[in-house]
Colleague: 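I'd like to ask some things about the structure below.
The shown structure was predicted, so the numbers you read here are calculated from the model rather than taken from an experiment.
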Amino acid sequence: MENKTENGMYCYKYPHPAVTTDCVMFGFDGLKMKVLLIRRGIEPYKGQWAFPGGFLHMDESAREGALRELQEETGLKDAPLRQFHTFSAPERDPRERVITIGYYALVRLSEVKGADDADEARWFAMDEIPSLAFDHDMILRTALTELRRQIHFEPVGFELLPEKFTIKQLQYLYETILDVCFDRRNFYNKMRHLDLLEQLDEKAKPTPKREAFLFRFRPEKYEELKEKGFRLEF
């Protein structure tokens, strides 16, 4: 049943859950996949690490709320968010009934400067994740599963690399996302066969062994392959 109040707003005779957003921000330092966490400054779980996020305002969409919280807590603006799951276990938040909408994004580490709405914001390697507040360990596992699924259909990994990168950097990235090891020659041949990369005349800084050519991603080629039902297999 529903009734209208004097100002015309509806009043329903059942409880309303609160709604939040939580954002899993993935980054890559050239060797390891990293996740951005903030240290909570208030209860519950004060002092523990969690994902950037917070309660929605009444006049904003979930995406708008997620972008606002990211900017307030990490200084990151206009992140390329992807919604991946809704978490609604009744006891997930000790304060009240809270449903959270999960987003993830792939960003370069340099794009996150930090802001003032959290005690601290820090990047953690995947093998160094501390104990997380609420059900954020489940949120992380779910986001990583979705990222591993999506990497076969979209060039998501290229968003984590600099504009110019080596094949070795690209291989490290795919290995750390998928938690596998590739044969170097097979990986190189696979990427070159797809024609997704443009080899540049530039080379990376010389190493004790040899120099390596730099490459750049070809987004127009990816769009062409996507129209044909492209799926990246290893």
Side-chain angles (χ1 to χ4, degrees), residues 19-29 31-38 49-54 56 61-70 73-74 76 78-89 92-93 98-109 111-112 121-161 169-182 187 190-191 194 196 217 219 222-223 225-227 229-234:
V19 180
T20 61
T21 59
D22 284 296
C23 300
V24 184
M25 311 303 292
F26 291 109
F28 183 65
D29 68 357
L31 292 174
K32 290 185 176 183
M33 177 75 77
K34 294 196 171 185
V35 175
L36 183 66
L37 300 175
I38 57 123
W49 294 94
F51 293 119
L56 287 185
S61 68
R63 183 181 181 83
E64 290 169 344
L67 289 171
R68 173 182 53 77
E69 288 287 348
L70 271 178
E73 295 183 339
T74 72
L76 184 64
D78 302 321
L81 294 177
R82 295 175 172 90
Q83 186 178 144
F84 68 93
H85 196 71
T86 298
F87 300 85
S88 59
R92 60 174 304 277
D93 192 312
V98 178
I99 295 172
T100 195
I101 301 170
Y103 289 88
Y104 78 85
L106 309 175
V107 298
R108 296 185 176 96
L109 302 185
E111 295 178 358
V112 178
R122 186 193 306 175
W123 288 100
F124 287 86
M126 293 297 295
D127 57 356
E128 299 173 350
I129 303 294
S131 175
L132 300 180
F134 304 102
D135 58 351
H136 287 197
D137 57 338
M138 179 186 297
I139 292 177
L140 176 57
R141 291 195 303 271
T142 307
L144 189 56
T145 297
E146 176 61 18
L147 175 60
R148 287 171 174 167
R149 186 194 70 81
Q150 200 65 30
I151 201 172
H152 294 286
F153 300 97
E154 295 185 20
V156 293
F158 296 97
E159 296 173 89
L160 296 170
L161 292 168
Q169 287 177 308
L170 181 61
Q171 180 176 337
Y172 279 158
L173 173 60
Y174 274 74
E175 286 179 338
T176 192
I177 290 176
L178 296 171
D179 195 24
V180 296
C181 290
F182 297 120
F187 182 86
K190 178 73 173 182
M191 287 297 172
L194 290 171
L196 283 170
F217 175 54
Y222 166 73
E223 292 299 330
L225 291 173
K226 188 175 181 180
E227 291 180 1
F230 165 74
R231 177 184 170 91
L232 180 60
E233 298 286 1
F234 295 99

Colleague: Under 4.5 Å between any side-chain heavy atoms of Leu106 and Leu147, yes or no?
Modeller: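 Contact flag for Leu106/Leu147 side chains = yes.
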Colleague: With no hydrogens and no angle check, is any side-chain donor or acceptor of His136 less than 3.5 Å from a backbone partner on Ala50?
Modeller: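 Checking the backbone N and O of Ala50 against the side chain of His136, no donor-acceptor pair under 3.5 Å is found.
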Colleague: Would a 4.5 Å heavy-atom cut-off, applied to side chains only, mark Arg82 and Glu146 as touching?
Modeller: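 Result no, sub-4.5 Å side-chain heavy-atom pair not found.
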Colleague: To the nearest 0.5 Å, what is the distance between CE (Met25) and OH (Tyr103)?
Modeller: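 If we round to the nearest 0.5 Å, Met25:CE and Tyr103:OH are 12.5 Å apart.
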Colleague: Assess whether atom CG of Asp78 is packed by more than 12 heavy atoms of other residues, nucleotides or ligands within 6.0 Å.
Modeller: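 12 or below, so no.
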Colleague: Which residue, Asp22, Thr86, Asp135, Asp93, forms the side-chain hydrogen bond (donor to acceptor under 3.5 Å, both in side chains) with Thr100?
Modeller: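 Answer after filtering Asp22, Thr86, Asp135, Asp93: Asp22.
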Colleague: Just so I know, are the side chains of Phe187 and Tyr174 near enough to count as touching, which here means a heavy-atom distance under 4.5 Å?
Modeller: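 When only atoms from C-beta onward are counted, Tyr174 and Phe187 do touch, with a gap below 4.5 Å.
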Colleague: Measuring from Glu73:CD to Leu37:CG, what's the distance to the nearest 0.5 Å?
Modeller: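 Answer rounded to 0.5 Å: 11.5 Å.
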Colleague: Would you give the length of the straight line joining atom NZ of Lys34 to atom CZ of Phe26, rounded to the nearest 0.5 angstrom?
Modeller: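 These two atoms lie 14.5 Å from each other.
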Colleague: Are any non-hydrogen side-chain atoms of Trp49 and Arg122 less than 4.5 angstrom apart?
Modeller: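 Trp49 vs Arg122: side chains touch.
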Colleague: Under 3.5 Å, side chain of Arg63 to main-chain N/O of Gln83, donor-acceptor pair present?
Modeller: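 The answer is no, because no donor-acceptor pair under 3.5 Å joins these two groups.
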Colleague: Check side chain to side chain contact (heavy atoms under 4.5 Å, CB included) between Glu223 and all other residues, then give those that pass, not counting sequence neighbours.
Modeller: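 Partners of Glu223 by the side chain to side chain contact (heavy atoms under 4.5 Å, CB included) criterion, ordered by chain and then number, come out as Lys226.
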Colleague: Atom CE of residue position Met126 - does it have more than 12 heavy atoms of other residues, nucleotides or ligands inside 6.0 Å?
Modeller: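 Yes.
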Colleague: Is Tyr104 close to Leu144 at the side-chain level, that is, under 4.5 Å between some pair of heavy atoms?
Modeller: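 No - every pair of side-chain heavy atoms lies 4.5 Å or more apart.
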Colleague: Can a donor-acceptor pair be found, under 3.5 Å and without considering hydrogens, that links the side chain of Arg92 to the backbone of Ile99?
Modeller: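 No, the answer is negative, given that no donor and acceptor are paired below the 3.5 Å cut-off.
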Colleague: Between CE of Met33 and OH of Tyr172, what distance do you get to the nearest 0.5 Å?
Modeller: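 With rounding to 0.5 Å, CE (Met33) is 15.5 Å from OH (Tyr172).
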